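Along the sequence shown, the residues carry numbers beginning at 1. Values below: every heavy atom of this structure, side chains too, minus hydrogens, waters and symmetry copies. These numbers come from a predicted model, not from an experiment.
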Amino acid sequence: MQQEVYLKIGAKTIALAENQKLLIGRKKHGADIEIDDPSVGRKHATIENKAGKIYIKDLESLNGTYVNDKRIESNKLIEVSLKDKIKVVSESIEITLKKNTLTKDKSEKISKKDDKNVELNDATGLKQKITSKGFFNIGRLSENDIVLDDRVVSRKHAKISFENGNFWIENLRLKNKTYLNGHEVKEKTRLRDTDVITISFYSIDLLNGLKDLRKEHSAIEAIGIQKKYPNNKIGLQSLSLNIPQATFVALMGPSGCGKSTLLKCLNGDNPATSGEVLIHGLSLEKNFNLIKKKIGYVPQDDIIHKELTVYKTLFYAGKLRLPDDTSDEEINNRINRVISSLNLDQDKEKDIRGIKVGSLSGGQRKRISIAVELLTEPTILFLDEPTSPLDPETIESFLTSLRELTKEGTTIVMVTHKPEDLNYVDQVIFLGVQGHLTFTGPANSLISKFEVNNIVEVYTKTSDLEQVLKNYYIKSPEVLYQKESIPEIKREKPDSLILQLYWLISRYFKIKINDRENLILLFAQPLIIGGLVSLVFNELSIGVFFMIAISAVWFGVSNASKEIVGELAVYRRERMYNLNINTYIISKCVVLSMIALIQTIIFISIVYLNFKINTVEGHSDTFLRPFWQSVGFMFYLSFSATLMGLFLSSYFNTTEKVMTVVPIALMPQIMLAGVMTRIDNTLVELLSFTTLGRWGTEGFARIQDKSYLDAEMESKSILLEVTQGNDIKLVGSKAMKRLDLYNENLVENGTLIGSVFDSFSANLLMIAALNLVVYLLIYYALKRKDSI
């Protein structure tokens with residue numbers, strides 16, 4: 001039986017007769033095979049059938065024609081077969097053979113999956129099948145009627161049904177969302193012909209069937225984007241770009257030209273102030289919650305913790321990023337796969353999985369950062385100067401690994417300044433001084449475009465603003481193309497906040513345990529300070545309680561002040577993905593509170609035993625008590641100070657700034673506590689209300705006064721005194737008088753602002769109020785660091 005050749009492009013199938021040549025080009029420009037993509041040339045390529053053999057030829061197109069992910073030479077006939085993967089920019093062309101019999105052609109199935117997809121791209125076929133069966137299941141499992149092979153799609157995700165003459169859509173899993181015309185499907189909803197269902201990067205509607213948006217559109221499209229800063233300085237001039245799927249792109253230019261700025265505009269980390277970025281045809285800004293889980297981003301700083309082993313780093317990343325129903329076995333399989341794909345398992349003598357990240361070389365750490373991103377199988381990977389810290393030998397191995405990723409369908413956009421990196425990339429985007437786009441195209445055309453002998457001269461020309469504006473600036477067209485109406489996807493929370501909190505606490509606890517030297521120093525602090533207090537003070541006095549309160553503040557602030565700023569790159573990346581701010585703050589508080597509790601018990605034990613053993617002559621009952629209430633109150637102060645430290649760590653962007661501010665934050669705690677000098681005017685007392693030093697010292701004084709008053713009353717040694725106004729006043733024994741701390745030491749005639757604060761309960765409530773204010777400040781400071 002005679003065979004005919006057919007070309008499948010998206011939803012279309014076109015016959016290619018023997019000795020026939022077809023022109024491939026942009027839509028509405030007279031080509032035989034039209035592709036609706038502005039990056040496709042008007043006369044882009046030809047494909048022809050010569051005596052049963054198929055040949056393709058690129059017609060000097062700007063964005064190239066690819067066979068098996070390799071760009072072919074222009075004006076050269078390349079023979080292709082059924083197995084070859086042909087791509088014209090973002091559009092794949094599949095070659096199939098069919099028998100020349102119409103009755104059999106309609107019913108023959110190349111494969112069950114292909115047959116299903118052909119029918120689903122036909123409106124009549126989709127509607128008839130749903131009507132006939134009564135429902136269509138959508139999900140990741142192969143047993144579904146519409147199979148979506150995507151990790152963010154549930155095994156049984158959604159269902160389209162036909163009841164009482166109407167079509168209906170319902171979401172089967174609450175964690176993984178289904179959207180109808182941009183709105184989350186929360187209950188069974190009627191489905192009209194013009195409605196669009198969106199699940200991950202797939203859209204389904206009754207008129208056009210199933211569409212994979214990754215095949216329908218380029219990987220990245222930038223339309224007239226510009227970055228302008230608040231001081232009116234323009235960091236990125238208006239530009240437009242089109243990056244095809246599975247392309248390795250180098251983003252280059254002179255120092256300070258805006259390479260990293262452009263990268264962050266394209267991935268949403270620091271969005272453009274005007275224009276629009278489309279990822280697989282979806283608006284980045286409107287659909288960020290969906291897109292952020294489909295892209296990978298490795299900034300210049302490492303996004304991994306040096307205290308963890310490689311395996312634990314990847315395992316926790318999998319637990320925090322992958323869907324909750326992902327098993328440990330599946331995570332382990334993914335870890336093995338990404339380690340292998342990045343050539344991190346070449347050393348057979350030592351398994352890299354068990355090595356601490358901090359012990360790895362710069363190149364290995366960079367690969368581990370990329371491995372974290374690859375766990376989620378992103379379609380696009382953004383890398384900010386990954387080769388900067390690497391030696392030439394490591395660079396070759398590293399970039400070769402990246403090229404292999406593009407063959408698997410991953411688009412890579414890499415900021416680099418090294419000329420040798422051009423040997424590994426497909427395309428180059430070259431920026432000039434002050435953020436002007438000067439070149440976009442094949443890497444092998446860069447030198448000829450600028451008419452120079454080497455890339456160093458390209459840098460020289462693009463560093464001259466006058467030359468750039470006169471000869472090289474590529475201005476963005478006012479209208480690149482008419483955008484399609486894309487449904488808006490709302491931002492959403494992680495799958496489970498409780499599970500996210502659990503894994504954050506688990507990871508942070510592991511980090512602190514592994515950092516043994518720092519942990520030893522933290523636990524040495526209460527030993528040293530508690531010992532000094534016992535050495536300096538001969539008797540229990542207000543000074544001792546002041547030192548306990550200030551020590552509690554010091555423990556909390558010093559424990560927490562570097563904990564957020566020290567991992568800012570990790571926080572920002574995980575926040576871009578799915579990190580919840582509250583779970584992040586709480587995880588820090590939980591682990592740091594464990595450390596503060598141990599410090600508190602050590603400190604109070606030392607002070608308690610000292611004054612219990614070394615008593616003042618005649619006052620053997622004068623010592624720190626009650627023990628556990630003192631521990632509880634000091635821990636409460638230390639926890640409150642931990643929040644203060646976390647605020648400083650979240651507000652500033654460098655460790656140096658935080659450590660400069662810590663002493664400034666501690667000085668008011670000392671000066672306004674009422675011990676260094678009496679609080680004897682309203683303004684000073686109002687200021688003291690904002691300090692833990694004041695409430696802590698006062699709280700300890702009240703605890704001791706009440707403790708000794710209770711003891712005196714139990715022993716019936718309480719005395720009565722008649723004042724001048726004939727009022728009766730309780731007076732304790734000598735020990736009690738020695739410890740009437742609040743009225744005798746802290747303020748003049750009690751409190752200056754009424755009596756509402758004149759109790760231990762008021763102390764607790766005031767500290768709680770300060771905690772609430774500081775927590776909100778931490779949240780606000782972290783929120784300000786958000787991407788889109």
Side-chain angles (χ1 to χ4, degrees), residues 10-11 109-217 279-282 287 289-291 293-294 322-326 330 376-377 379 409 484-490 492 495:
K109 299 180 180 180
I110 300 170
S111 69
K112 183 177 179 181
K113 184 177 179 180
D114 287 344
D115 175 63
K116 181 182 291 186
N117 286 339
V118 169
E119 290 179 337
L120 290 178
N121 279 288
D122 174 72
T124 305
L126 175 59
K127 295 181 71 173
Q128 284 182 351
K129 271 188 167 288
I130 298 174
T131 304
S132 175
K133 188 176 180 181
F135 65 90
F136 246 37
N137 286 325
I138 307 169
R140 199 170 71 232
L141 292 178
S142 58
E143 63 195 44
N144 289 288
D145 300 286
I146 300 178
V147 179
L148 306 180
D149 186 17
D150 194 308
R151 63 172 185 80
V152 298
V153 177
S154 298
R155 296 170 183 174
K156 292 185 178 180
H157 192 106
K159 182 169 77 171
I160 302 174
S161 57
F162 182 74
E163 300 173 8
N164 301 322
N166 293 315
F167 291 92
W168 302 83
I169 177 68
E170 59 182 309
N171 189 49
L172 301 179
R173 288 296 299 269
L174 294 176
K175 292 180 179 179
N176 294 329
K177 311 297 182 182
T178 301
Y179 299 92
L180 183 65
N181 301 326
H183 300 283
E184 182 185 341
V185 177
K186 296 183 178 180
E187 57 185 17
K188 196 171 182 178
T189 306
R190 184 180 172 184
L191 183 63
R192 297 168 297 182
D193 286 356
T194 55
D195 290 335
V196 178
I197 302 167
T198 308
I199 300 174
S200 184
F201 277 140
Y202 298 92
S203 68
I204 305 169
D205 67 83
L206 297 175
L207 290 178
N208 298 299
L210 172 68
K211 286 185 178 181
D212 185 340
L213 298 177
R214 291 166 292 192
K215 295 180 180 178
E216 295 286 326
H217 302 274
I279 303 294
H280 300 301
L282 293 175
N287 303 279
N289 192 64
L290 166 64
I291 292 171
K293 294 186 177 183
K294 305 296 293 183
L322 296 173
D324 292 342
D325 59 358
T326 307
E330 187 175 353
T376 59
E377 299 176 354
T379 63
E484 296 181 10
S485 178
I486 302 295
E488 179 178 345
I489 306 298
K490 297 181 178 179
E492 60 190 48
D495 290 355

Side chains of I291 and F201, heavy atoms from C-beta outward: is any pair under 4.5 Å? yes
Please examine the side chains of T178 and L172, heavy atoms only from C-beta on, and report whether any two atoms are closer than 4.5 Å. no
Once you round to the nearest 0.5 Å, how far does CG of D145 lie from CD1 of I160? 9.5 Å
Taking the side chain as every heavy atom from C-beta outward, state whether N166 and R190 have any atom pair closer than 4.5 Å. yes
Atom NE2 of H217 and atom CD1 of I279: how far apart are they, to the nearest 0.5 Å? 12.0 Å
Test L148 against L210 for side chain to side chain contact (heavy atoms under 4.5 Å, CB included), laying out the working first. CA-CA 10 Å; L148 306 180; L210 172 68; 3.9 Å; yes
What are the two closest non-hydrogen atoms of A158 and I199, and how far apart are they? CB-CD1, 4.2 Å
Do the non-hydrogen side-chain atoms of W168 and T189 ever get within less than 4.5 Å of each other? no
Do S161 and K188 come close enough that some side-chain heavy atom pair is under 4.5 Å? yes
Please report the interatomic distance CG(N137) to CG(N144), rounded to the nearest 0.5 Å. 5.5 Å
Looking at side-chain heavy atoms only, is the closest gap between R214 and T379 below 4.5 Å? yes
Output the distance between atom CD1 (I204) and atom CD1 (I197), rounded to the nearest 0.5 Å. 5.5 Å
Ignoring hydrogens and geometry, is there a side-chain-to-backbone donor-acceptor pair from D205 to N208 under 3.5 Å? yes
Of the options H157, K159, K186, which is the one that meets N171 in a side chain to side chain contact (heavy atoms under 4.5 Å, CB included)? H157
Enter the distance from R155:CZ to R140:CZ here, rounded to the nearest 0.5 Å. 5.5 Å
Minimal non-hydrogen separation, L126 against G209, with atom names: CD2-CA, 3.7 Å
Test side chain to side chain contact (heavy atoms under 4.5 Å, CB included) on E330 and L322; report intermediate values, then the result. CA-CA 10 Å; E330 187 175 353; L322 296 173; over 6 Å; no
Does any part of the side chain of L213, heavy atoms only, come nearer than 4.5 Å to the side chain of Y202, both counted from C-beta? no
Test item: S132 side-chain N/O and Q128 main-chain N/O as donor-acceptor pair under 3.5 Å: no
Using the test side-chain contact (heavy atoms from CB on, under 4.5 Å), find all partners of D195 that sit at least two apart in sequence or belong to another chain. L180, N181, L191, R192
Taken to the nearest 0.5 Å, the spacing of S200 OG from Y179 OH works out to 10.5 Å
Which residues share a ring-ring contact (aromatic ring centres under 6.0 Å, His included) with F167, sequence neighbours left out: F162
Test salt bridge (charged side-chain N to carboxylate O under 4.0 Å, His left out) on K293 and E377 and set out the steps. CA-CA 9 Å; K293 294 186 177 183; E377 299 176 354; over 6 Å; no
